[in-house]
Amino acid sequence: MISLKENNTTIMNILDSTRRSNSEETTPLLLKPLLAGLCALGLLSGCAQLPSASKSDTSTHLSALQGSLAPSLDSSDKPTDLTTQTAKVSVTNDHPWLEESKLTALQHDNLWDDIASKLVMGDQHLEDFESYLAFYLRNHRHLERVSERAKPYLHYIVSEVKKRNMPYEIALLPIIESGFKPEARSHQRAVGLWQFIPQTGHLYGLDQNWWYDGRQDVVQSTEAALNYLQKLYELNDNDWLLALASYNGGIGNVWKAVKRYQRKHPENKTPDFWQIRRYLPKETQHYVPQLLAVSHLVKNRGQYEVQLEPIDNKPYFEVVELEKQVALNTVASLSDTPRELFSKLNPGYLRPATPPNGPFHIVLPLENHQQFQSKLNDKALFDIHWKKHKIKSGDTLSEIAQQYQTSTRAIQKLNHMKDHNIRIGKTLLIPVPQQFVPQLAQNEQKSQYTGPKLYHSVKSGESLWTIARYYNTDTKTLCDWNRIRADQPLRKGQKLAIHSDQYGYQTHYVLKKNESLWVVAQKFGVTTQELSRWNKIKRNQVLQPGIKLTIWQPRGKQAAGYRQYVVKSGDSLWNIARANNLSTKTIARYNQMTEKEYLKPGQVLKIPYDQET
C-alpha cells in the first residue's frame with residue numbers, strides 16, 4: 001500500500017515535471033480527474049494556512065506547496081499565456097471529456113490569479129527574503145492600495161511581458177519602483193511607473209520637454225523599461241536577478257560586486273545575486289528580495305490573507321494614434337471619459353494640450369475608444385493651435401492676448417488662472433485660432449533675430465539711455481529687445497539682451513602727438529569710457545604718443561576706405577570733421593549732404609580714413 005507521504009511526493013514530482021514541459025498548460029488538464037480523486041481520498045496535504053511569524057513554518061509550507069526547486073527560465077521553459085494556450089487546444093477523439101466549456105472555465109477571470117499561476121522566480125529563495133514578507137504583512141494596506149492603483153495599467157504591462165516571454169515577476173516591478181503611481185518622483189530625479197532617471201530615459205527614447213515626459217507615459221515607459229531589462233539580462237549572462245539588481249543599482253555596480261566576489265572565490269566564474277549581494281549598494285541589496293517577497297505574497301495571497309483589488313483579465317484601454325495637436329479636455333469630453341481617469345491614463349502630458357508636432361498617442365478606456373474614433377474627422381477637434389509664451393518684464397495679460405490674436409479669458413481658462421496677475425519667468429499656454437497660425441508664424445519669422453546676441457550686466461549709475469548709446473542703438477530698440485518699459489528703473493546686476501554686432505571686430509590705433517582719448521573716441525565713434533575699459537587705462541591718464549590702443553568696431557559694417565559714425569546729441573559736422581582730421585567739405589561730399597545740413601542723433605555718417613595714419 002502506498003503511504004500518504006509517498007503519494008504526496010509522487011504528485012509533487014508529477015506537477016514539477018509538468019511545469020517543466022513545453023505543454024505546461026494542457027498536461028494539468030489531463031491530471032485533473034486524478035488530482036480531484038486524490039483530494040477526495042484525503043491524500044493531498046500541505047494546504048493549511050501559513051503562519052507568517054515562523055521561518056520554519058513558512059519554509060515547510062513552501063516545500064509542500066511547490067517542491068524545493070523552481071523551474072529555470074531557459075528557451076524550452078518560458079512563461080506562457082494560459083488564455084492563448086487553451087484557445088489553441090481542440091477537442092479530440094482521444095480525450096472526449098475535454099469539452100470546450102471546461103477549457104473556457106479554466107481561464108482566470110481575475111488577472112491576479114493569472115499572474116500568480118506563473119510566478120516562479122522566488123520559490124527556492126524563501127529563506128533569503130522571508131524577513132521582507134513580515135514587513136508587507138505588517139503593512140497589509142500598502143499592497144491593497146497598490147493593487148487599486150494598478151487597475152488601469154496592469155493588464156497592459158502583463159500582456160507586454162507575455163509577448164517577450166519574460167518572467168511574470170517583471171510585471172510586479174512597478175509595485176517596488178513607484179507603487180503604481182505614474183507621477184512618482186524620487187530624490188534622484190527618477191520619474192514614472194518604472195522610475196527612469198533623465199539620462200536613461202533619453203537613452204531609451206523617452207522624450208522629455210515642456211509639453212510631455214515620456215517617463216510618465218504608461219505605454220512608452222513600459223516599452224522602454226522592458227527593452228532595458230532585456231538588455232541587462234543579456235549583459236548579466238541571462239540571469240534575471242542580476243538584471244533586476246542592475247536595473248536598480250546600475251550595471252557597473254553589479255559588475256564591480258561580481259569582481260569583488262571573484263577575488264575571494266576565483267573558482268566561481270558565474271556568481272549569482274545572493275553570492276554578490278553583500279558587495280552591492282544597500283538599496284540594491286534590499287531591492288531584489290522586496291520584489292520576490294511581493295511576488296510570493298501575490299502567489300500565496302490566500303494563505304497569507306492578503307487582499308488585492310480584483311482586476312478583470314482583459315484589456316483596460318486602447319491607444320489612439322494622432323498626428324495633429326489637440327486639447328486634452330476636448331478629447332476627454334468627446335470620448336465621455338471622466339477627467340480623473342483620463343489623467344491617470346495619460347500622465348505623460350504635462351500641459352492641457354498635446355505637443356504641437358506629432359505623431360503622438362492618446363490612451364482611452366476600452367469602452368470609450370470607439371466613441372472618440374467616430375469623431376476624429378470633426379475639424380473642430382483640431383481648429384485651435386497652442387503656443388507657449390514665457391512671461392517677460394513689462395508683459396500684461398491683455399498685451400499677450402492681443403499678440404496671439406486670442407482673448408484674456410481663453411488664456412485664463414486654459415492656464416487655470418483666477419485673475420489677471422502674471423509672474424515673470426512663468427510660461428503660459430496660449431490658444432491661437434487656427435486661421436491666425438500662418439500669420440503668427442510669419443510674424444515670428446520676421447521678428448526673429450539671427451545675428452550675434454550678448455548680455456549686458458547693468459552697473460551702478462547706468463540707465464537705458466547710456467546703455468543704448470554704448471551699443472549704438474536707441475532706448476526704444478533696447479526696450480523692445482528686453483520687453484521692458486522705457487520708464488522702468490534698472491537694477492544693478494540686471495541682465496539685458498543685446499541684439500547687436502556692435503563689437504564684433506577688433507582693430508588697433510597708434511596714438512599720435514597731441515591726441516587724447518577723446519579725440520580717438522570721436523574718430524572711431526566710441527566713448528572714452530569704452531577706450532579706457534578696452535585698454536585698461538584711466539580716462540584722465542596722460543598718454544604718450546606711440547601707444548597702441550585696442551578698439552572694437554562692428555563686424556561686417558566696416559566698408560573699404562571708411563567707417564561708420566553714429567551722430568550723438570550735441571554733435572556738429574565741424575567737431576566731427578575736426579576729431580577725424582578732415583574737412584567738413586570732405587565728410588559732406590562723402591555722405592552726399594551739404595555742409596550746413598542739420599545732424600540728428602542716431603544718424604549714421606561715413607567717415608573716410610586710413611588706419612595707418
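Between the CD1 atom of Ile175 and the CG atom of Leu154 there is a distance of 7.5 Å, given to the nearest 0.5 Å. Distance CG/Asn368 to OG/Ser335: 5.5 Å, rounded to 0.5 Å. One finds the CG atom of Asn313 at 4.5 Å from the CG atom of Asp114 (value rounded to the nearest 0.5 Å). Here CG of Leu119 is found 5.5 Å from OG of Ser295. Values are rounded to the nearest 0.5 Å. Separation of atoms CD1 (Ile170) and NZ (Lys162) is listed at 15.0 Å; rounding is to 0.5 Å. Rounding to the nearest 0.5 Å places OH of Tyr279 at 15.5 Å from NZ of Lys256.
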Inset, instruction - Carefully, step by step, assess Leu143 and Tyr136 under the rule side chain to side chain contact (heavy atoms under 4.5 Å, CB included). - result: CA-CA 7 Å; Leu143 287 180; Tyr136 285 108; 4.2 Å; yes

Inset, instruction - For Leu328 and Asn346, run side chain to side chain contact (heavy atoms under 4.5 Å, CB included): C-alpha distance rounded to whole Å, both residues' side-chain angles, the deciding distance at 0.1 Å, then the answer. - result: CA-CA 9 Å; Leu328 297 176; Asn346 298 276; 5.7 Å; no

Inset, instruction - Quick one: do His125 and Trp274 satisfy side chain to side chain contact (heavy atoms under 4.5 Å, CB included)? Show the steps, please. - result: CA-CA 9 Å; His125 301 291; Trp274 306 106; 2.9 Å; yes

Inset, instruction - Take Tyr212 and Thr354 through the test side chain to side chain contact (heavy atoms under 4.5 Å, CB included) and record every step on the way to the result. - result: CA-CA 8 Å; Tyr212 169 83; Thr354 59; over 6 Å; no

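The two atoms that bring Leu376 and Val320 nearest to each other are CD1-CG1, 4.3 Å, heavy atoms only. Here the closest non-hydrogen pair linking Gln220 and Leu206 is O-CD2, 3.6 Å. A pairwise comparison of heavy atoms in Val298 and Ala116 identifies O-CB, 3.8 Å as the closest pair. Listed here is the closest heavy atom pair of Arg149 and Phe180: CB-O, 3.7 Å. Between Ser246 and Asn236, the closest heavy-atom pair is OG-ND2, 3.1 Å. For the pair Ile197 and Gln188, the tightest heavy-atom approach, listed with the atom from each and the gap, is CG2-O, 3.8 Å.
Remark: Arg351 fails to qualify as a cation-pi partner of Trp386 under the 6.0 Å distance and 45° angle criteria applied to the six-membered ring.
Not less than 6.0 angstrom separates the ring centroid of His155 from the ring centroid of Phe317. Aromatic ring centres of Trp211 and Tyr349 lie farther apart than the 6.0 Å criterion allows.
Side-chain contact check for Val306 versus Asn300: every heavy-atom pair is 4.5 Å or farther apart. Inter-residue side-chain proximity for Asp109 and Asp312 is flagged as unmet; no heavy-atom pair is nearer than 4.5 Å.
A donor-acceptor pair under 3.5 Å is formed between the side chain of Arg215 and the backbone N or O of Phe196. Here the side chain of Ser186 pairs a donor or acceptor atom with the backbone of Ala190 at under 3.5 angstrom. Lys118 contributes no side-chain N or O that, together with a main-chain N or O of Tyr168, makes up a donor-acceptor pair within less than 3.5 Å. The backbone N or O of Lys344 lies less than 3.5 Å from a partner atom in the side chain of Tyr153, making a donor-acceptor pair.
For Arg141, the CZ atom is densely surrounded, since the number of other residues' heavy atoms within 6.0 Å is greater than 12. Counting non-hydrogen atoms of neighbouring residues, nucleotides and ligands closer than 6.0 angstrom, the CZ atom of Arg189 reaches no more than 12 such neighbours. Under a cut-off of 6.0 angstrom, the local environment of CD in Gln199 is crowded, with over 12 non-hydrogen atoms contributed by other residues, nucleotides or ligands.
With salt bridges taken as basic N to acidic carboxylate O contacts below 4.0 Å, one links Glu160 and Lys163. Salt-bridge check for Arg301 with Asp113: passed, with a basic side-chain N closer than 4.0 Å to an acidic carboxylate O.
Each of Glu283, Glu177, Gln195 was evaluated against Asn248; a single residue qualifies, Glu283, per the side-chain hydrogen bond (donor to acceptor under 3.5 Å, both in side chains) test. A side-chain hydrogen bond (donor to acceptor under 3.5 Å, both in side chains) with Tyr132 is found for exactly one of His286, His296, Gln290, namely His286.
If you check the side chains of Thr284 and Arg277, you find no donor sitting under 3.5 Å from an acceptor. With hydrogens and angles left out, the side-chain atoms of Gln262 and Asn268 include no donor and acceptor closer than 3.5 Å. Under 3.5 Å, the side chains of Trp194 and Ser178 contain no donor-acceptor pair of N or O atoms.
Using cut-offs of 30° and 60° on the angle between ring planes, the pair Tyr228 and Tyr247 is tilted.
Partners of Glu309 by side chain to side chain donor-acceptor pair (under 3.5 Å), not counting sequence neighbours: none found. Every side chain to side chain donor-acceptor pair (under 3.5 Å) that Gln230 has, sequence neighbours left out, goes to Arg164.
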